[in-house]
Amino acid sequence: MGLIQNVLAIIVVLGVLITFHEFGHYWVARRCGVKVLRFSVGFGKPIWSRVDRHGTEFAVAAIPLGGYVKMLDEREGPVPDDQLGEAFNRKSVWQRIAIVAAGPLANFLLAIVAYWALFVAGTTTVAPVVGDIAPDSPAARSGLQSGQEVVSVEGDEVRSWDEINLRLIARIGASGELRLQARDEAESEPREHRLPVEDFLVRQDPPQPLASLGITPWQPRFPAVLGQVVDGEAAAEAGLQSGDEILAVNGNPVDEWMDFVSVVRASPGETLTLDVARGEERLTLNLTPDPREIEDGATIGYVGAGVTPVEWPEEYRREIRYGPLEAMGQAVSRTGEMTLLTLGAIRKMLIGLISPSNLSGPITIAQMAGDTARTGLESFVSFLAYVSISLAVLNLLPIPVLDGGHLLYYFVEAVRGRPVSERTQAFGLRIGLALVATLMLMALYFDLMRLW
């Protein structure tokens, strides 16, 4: 079921993003008087198509990993004399720039609309209250204390751990001090804490900003009560059921869920004796966690069981909601912030501050799409907005075969007054194809490594 949901979620995400992107090209091309021959979502043989009154074929193809808008163009075949004025290559350089740029701009617009809808509808999050502080960590040396609520990072207001993580990740490679402001219930004004860092998060895979600073977010106590048990996994094979409470492991009392998780993770392949409460009944069961290798190469125990969700106290819940006009400003600001974060991540990856293994391919994106779909509509829409921004930024990179490569050629043409030679464009196309193919293969390789 999870695999099917992942596949459906990625099809929805790619379908929406590709449709918006290609519609941007299509809409501006039509406004510039260019005849559009085909608007295709997906590659390969069409599984559905129709032709409108303008002679444009709209198609959905079998391979949902991209799309294209095919325009009338003398470089791709003969054009009748009476249609020369509708050919893409006959349009002014500024019209061609507008048509090519419209695809990525449509993705930015989609992100703005998605964020606007979230801000108007309101999003619920939990307050970024500090839980444990690791001894001798940057947070401990700065005087940050358990129970304080973080209200700003580097002078920027924050209202959730997600916002804090985004601002900390933007500081990858920093040396010196990170400025956090935090307050507790007894204080009316926040206090500033300066956390010493050196090459912050450099080549960390994956980046863990809070753990690197020694901060564990506060969360309510989770009793060791099973909420779900996956069929065929170790917990189900041992006879555990949803609703069971783990009282002890090997005779040692279990006070909360993370106590149980810690023992399981540290015991791959070892048989554990569990004292279990099932209603009024008391049971003794033997559980052998399956060995599983994680991203850093370590082997941990895995049993295929989840905890029963616990409601967060009302005083720790935060609702972020804006009026329609204010939400538009917030949506534009969030889109700009995520765009700069993406550009910064690309730059830091190129100079070696971020590991290339953080590249995500179709498998990881499908898993993330499925996870956010299961979490709820709010998370899924937020994920859609971020992927739309990433698609826009990547398409604007000055790499031939991407929109950014075509824009580079057209801007050079606008400055020189004549087009870039066909020979130069053909050479750039080969380089661009090689770069894009290399990136895709790397992303797929790291996807597969994460699965293993």
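In this chain, numbering begins with 1 at the start of the sequence shown. Given the structure is predicted, the values throughout are model-derived calculations rather than measurements.
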Ignoring hydrogens, what is the shortest heavy-atom contact between [X] and [Y]? Give both atom names and the distance.
X: Leu210; Y: Pro217; result: CD1-CG, 3.8 Å
X: Pro207; Y: Ile172; result: CG-CD1, 4.5 Å
X: Ala140; Y: Asp136; result: CB-N, 3.9 Å
X: Asp290; Y: Glu233; result: OD2-OE1, 3.8 Å

State, yes or no, whether a side-chain contact exists between Leu166 and Val158 at a heavy-atom distance under 4.5 Å.
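With C-beta onward as the side chain, the pair stays apart.
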With a 4.5 Å heavy-atom cut-off, do Trp116 and Pro324 have their side chains touching?
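Trp116 vs Pro324: side chains touch.
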Geometric cation-pi criterion, Arg292 with Tyr302: 6.0 Å, 45°
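Relative to the ring axis of Tyr302, which defines the angle, Arg292 lies inside both limits.
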Using a 3.5 Å distance criterion without hydrogens, assess whether the side chain of [X] forms a donor-acceptor pair with backbone atoms of [Y].
X: Lys348; Y: Val202; value: no
X: Thr273; Y: Asn286; value: no
X: Glu163; Y: Arg159; value: yes
X: Trp312; Y: Gln219; value: no
X: Gln425; Y: Val420; value: yes
X: Thr271; Y: Thr288; value: no
X: Ser382; Y: Glu378; value: no
X: Ser142; Y: His193; value: no

[atom2] on [Y] to [atom1] on [X], rounded to 0.5 Å:
X: Thr123; Y: Asp162; atom1: OG1; atom2: CG; result: 9.5 Å
X: Leu118; Y: Gln330; atom1: CG; atom2: CD; result: 12.5 Å
X: Leu226; Y: Thr308; atom1: CG; atom2: OG1; result: 7.0 Å
X: Ile99; Y: Asp403; atom1: CD1; atom2: CG; result: 11.5 Å
X: His21; Y: Ser388; atom1: NE2; atom2: OG; result: 10.0 Å
X: Ser333; Y: Met338; atom1: OG; atom2: CE; result: 11.5 Å

With a 4.0 Å cut-off on N to O distance, would you call Glu192 and Arg194 a salt bridge?
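Yes, this pair counts.
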Salt-bridge contact Glu157-Arg167 (side-chain N to carboxylate O under 4.0 Å):
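No salt bridge links Glu157 with Arg167.
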Residues which pass side-chain contact (heavy atoms from CB on, under 4.5 Å) with Ala101, listed by chain and number, not counting sequence neighbours:
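By the side-chain contact (heavy atoms from CB on, under 4.5 Å) rule, Ala101 matches Leu105, Leu407.
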So, using ring-ring contact (aromatic ring centres under 6.0 Å, His included) as the criterion, who are the partners of Phe427 when residues are at least two apart?
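Applying ring-ring contact (aromatic ring centres under 6.0 Å, His included) to Phe427 gives none.
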Within 6.0 Å of CZ in Phe20, more than 12 heavy atoms from elsewhere
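Open.
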Determine whether the aromatic ring centres of residues Trp218 and Trp161 are separated by less than 6.0 angstrom.
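No: the rings miss the under 6.0 Å criterion.
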From CA spacing to verdict: side chain to side chain contact (heavy atoms under 4.5 Å, CB included), Val41, Glu22
CA-CA 8 Å; Val41 177; Glu22 300 305 334; 5.8 Å; no
So Tyr409 and His406, would you call those rings parallel, tilted or perpendicular, with 30° and 60° as cut-offs?
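Ring orientation of Tyr409 relative to His406: perpendicular.
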So Phe23 and Tyr26, would you call those rings parallel, tilted or perpendicular, with 30° and 60° as cut-offs?
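Judged by the thresholds at 30° and 60°, the geometry between Phe23 and Tyr26 is tilted.
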Where at least one partner belongs to residues 250-272, residue pairs that pass salt bridge (Lys or Arg N to Asp or Glu O under 4.0 Å), sequence neighbours excluded
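Qualifying pairs: none.
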Any chance you could lay out the side chain to side chain contact (heavy atoms under 4.5 Å, CB included) test for Ser242 and Gln228, step after step, and finish with the verdict?
CA-CA 5 Å; Ser242 177; Gln228 58 181 349; 5.9 Å; no
Could you walk me through whether Val13 and Phe380 pass side chain to side chain contact (heavy atoms under 4.5 Å, CB included), step by step?
CA-CA 9 Å; Val13 169; Phe380 185 71; 3.6 Å; yes
